[in-house]
Amino acid sequence: MATFAGLVPLDATIAGHMTTSPHATSPSTTSNSASAPPHLAIVLFSLAMGGFAIGTTEFASMSLLPFFAADLHIDEPTAGHAISAYALGVVLGAPLIAVLGARFARRTQLLALMAVFALGNALTALAPGFGWMVAARFLSGLPHGAYFGVAALVAASLVPQHRRSRAVGQVMLGLTVATIIGVPLANLIGQAVGWRASFGLVSVLALLTMLLCALFAPRDRAGRSNPLRELGALRSGRVWITLAISAIGFGGMFAVYTYLATTLIEVTKVSTEVIPFFLAIFGIGATLGNLFVPRFADRALMPTAGVILLFAAVALLAFPLAAGNPWLLAIDIFAIGASVALGAVLQTRLMDVAGDAQALAAALNHSAFNTANALGPFLGGLAIRQGLGWTSTGPVGAALALLGFLIWIVAYRDKGPALVAHGSGAARDDAPVRPAPPLAPDLRSRSDAPKDPVA
């Protein structure tokens with residue numbers, strides 16, 4: 001996570017190069033520290049730390065399922081309801097919190113969302129029974145989508161227009177790095193100390209995120225939006241089409257990932273000890289994808305999304321062919337993981353088409369992501385139960401990726417004017433975006449502000 005944008009002070013970024021999207025910067029921000037503002041890399045790291053905590057609890061809960069099922073004296077299918085409760089919290093909480101939080105400053109929202117997330121995971125660790133655990137997992141899921149949505153908007157507001165996708169991708173790095181470091185660590189702690197300690201660790205990570213955001217997140221004024229304006233995103237066909245690409249196109253990746261461990265044991269014939277290695281390969285692919293793919297998206301946003309969907313379809317189609325050889329399978333899993341970069345690309349697309357309803361649209365992207373998390377495993381499971389074999393999840397996933405690509409074609413061919421905040425002119429993918437006011441207006445008059453571009 002040390003590969004974030006170069007160490008450039010925020011005042012240099014704001015004073016010299018603030019040409020972000022007119023939609024992504026609706027709240028005005030005042031200077032936090034005129035003499036020594038935090039570096040951009042530190043701000044992005046602070047936001048990504050929240051993603052690291054969220055990714056750890058989301059993916060580690062799957063690997064900890066046998067442990068808390070045995071401890072709470074329930075079977076594993078029943079224990080899976082705790083995972084479903086978390087996903088339901090994400091789907092419902094993302095739009096609800098985005099609408100209710102429209103009037104609050106983004107920094108305030110980040111702190112409040114991490115506080116709820118820390119509380120939910122602490123209650124999970126202390127749950128006296130399974131019913132309490134399900135309720136605690138639902139509470140933990142509520143801030144998930146809203147946090148990523150607000151964090152993405154903050155990151156995009158701190159960089160020039162042509163660097164938005166990279167900034168969002170760097171925030172998402174926390175989620176992908178969690179699959180390499182956080183999930184194995186939580187699993188080891190769960191085996192050595194107990195599953196409750198793993199959720200306690202996530203709660204500590206959430207508190208650390210609160211501290212970092214309190215110190216380094218930009219201090220902005222209360223939002224200029226309101227709940228009714230945020231709900232206006234639901235009237236946009238472009239928003240719904242973008243969300244459909246995410247909900248369906250992402251489903252292919254989840255169809256394979258959910259049953260990957262069993263496929264490795266039953267088809268590839270590897271020992272259980274090396275399964276974490278393959279899971280880490282997936283995480284490395286996702287991390288590198290979020291690092292490098294958004295660079296292309298900043299130059300050609302929608303074409304990059306289309307290429308990712310086609311790339312994912314090919315990698316998923318190759319899954320049954322590669323499953324018999326562990327080395328080929330490792331390469332294929334790496335490629336499938338790299339397709340996770342689609343999330344950052346679509347997050348940026350929503351900023352362009354949501355008009356004034358930035359917070360709701362950004363949060364809905366994670367509701368769509370978790371819809372894919374439900375759709376992919378469901379369809380993959382149907383294929384397996386029909387006797388098509390464990391590797392049948394690959395073709396099922398490829399079909400979902402191609403269906404997402406067909407929806408992408410509809411979105412790409414729509415060249416009409418996009419929703420624009422506050423009645424400004426039309427914006428298109430191929431049209432220049434009107435520069436927005438800098439995040440800190442009081443810094444505009446500084447003649448000695450550094451003019452170096454963001455490294």
Side-chain angles (χ1 to χ4, degrees), residues 1 24 27 43-61 86-102 104-122 124 136-158 167-178 182 199 202-218 220 223 225 230 246 290 343-344 346-348 350-351 358-370 373:
M1 295 176 68
V43 178
L44 295 179
F45 178 86
S46 302
L47 299 174
M49 181 58 70
F52 182 80
I54 290 173
T56 299
T57 196
E58 183 176 25
F59 290 99
S61 60
Y86 182 90
L88 180 62
V90 177
V91 173
L92 296 180
L96 179 63
I97 295 175
V99 171
L100 295 179
F104 295 93
R106 288 173 183 165
R107 181 176 179 275
T108 302
Q109 293 183 61
L110 291 173
L111 296 176
L113 291 169
M114 272 295 111
V116 174
F117 184 75
L119 176 62
N121 281 278
T124 301
R137 296 316 294 154
F138 177 79
L139 177 64
S140 301
L142 287 175
H144 176 132
Y147 175 85
F148 275 119
V150 175
L153 293 176
V154 171
S157 71
L158 297 175
V168 173
Q170 288 167 346
V171 172
M172 297 298 181
L173 275 179
L175 182 64
T176 58
V177 170
F199 289 105
V202 173
S203 186
V204 172
L205 291 173
L207 294 176
L208 176 60
T209 302
M210 288 184 63
L211 175 62
L212 290 173
C213 288
L215 292 174
F216 302 119
D220 56 317
S225 188
E230 289 293 336
S246 180
N290 268 326
L346 294 180
Q347 191 85 71
T348 306
L350 284 170
M351 294 179 187
Q358 289 291 301
L360 178 58
L364 282 173
N365 191 40
H366 295 276
S367 292
F369 186 84
N370 277 268
N373 193 5

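Because the structure is predicted, anything quoted here is derived from the model rather than measured.
With sequence neighbours excluded, the residues forming a side chain to side chain contact (heavy atoms under 4.5 Å, CB included) with Ala368 are Leu243, Ser246, Ala247, listed by chain and number. With sequence neighbours excluded, the residues forming a side-chain hydrogen bond (donor to acceptor under 3.5 Å, both in side chains) with Asn121 are Thr57, Arg137, listed by chain and number. Checked against side-chain hydrogen bond (donor to acceptor under 3.5 Å, both in side chains), Ser367 has no partners two or more places apart in sequence or in another chain.
Taking both residues in full, the closest heavy atoms of Ser140 and Thr124 are given as OG-OG1, 3.9 Å, listed atom of the first, atom of the second, then distance. Val116 and Pro143 get closest at one heavy-atom pair: CG1-CG, 3.7 Å. Closest approach of Arg107 to Ala214, counting heavy atoms only: NH2-O, 2.5 Å.
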Indicate every side-chain donor-acceptor pair of residues 88-98 with a distance under 3.5 Å to a residue at least two apart or in another chain.
none

Using residues 205-213 as the side-chain source, report each donor-acceptor pair under 3.5 Å to any protein atom, sequence neighbours left out, with the distance given to one decimal.
{"unit_1": "Thr209", "atom_1": "OG1", "unit_2": "Gly50", "atom_2": "N", "d": "3.3"}
{"unit_1": "Thr209", "atom_1": "OG1", "unit_2": "Leu205", "atom_2": "O", "d": "3.0"}

Would you tabulate the side-chain donor-acceptor contacts of residues 147-156 under 3.5 Å, counting partners in other chains and residues two or more places apart, or write 'none'?
{"unit_1": "Tyr147", "atom_1": "OH", "unit_2": "Leu47", "atom_2": "O", "d": "2.7"}

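The ring-ring contact (aromatic ring centres under 6.0 Å, His included) with His144 is formed by just one residue from the set Tyr86, Phe369, Phe138; it is Tyr86.
A distance of 11.5 Å separates CZ in Phe117 from CG in Leu142, rounded to the nearest 0.5 Å. To the nearest 0.5 Å, atoms CG (Leu350) and CG (Asn365) are separated by 5.0 Å.
Within the 4.5 Å cutoff, side-chain heavy atoms of Pro218 are placed close to those of Val43.
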- [ ] Check the pair Leu110, Met114 against side chain to side chain contact (heavy atoms under 4.5 Å, CB included), reporting the backbone distance first and the verdict last.
- [x] CA-CA 6 Å; Leu110 291 173; Met114 272 295 111; over 6 Å; no

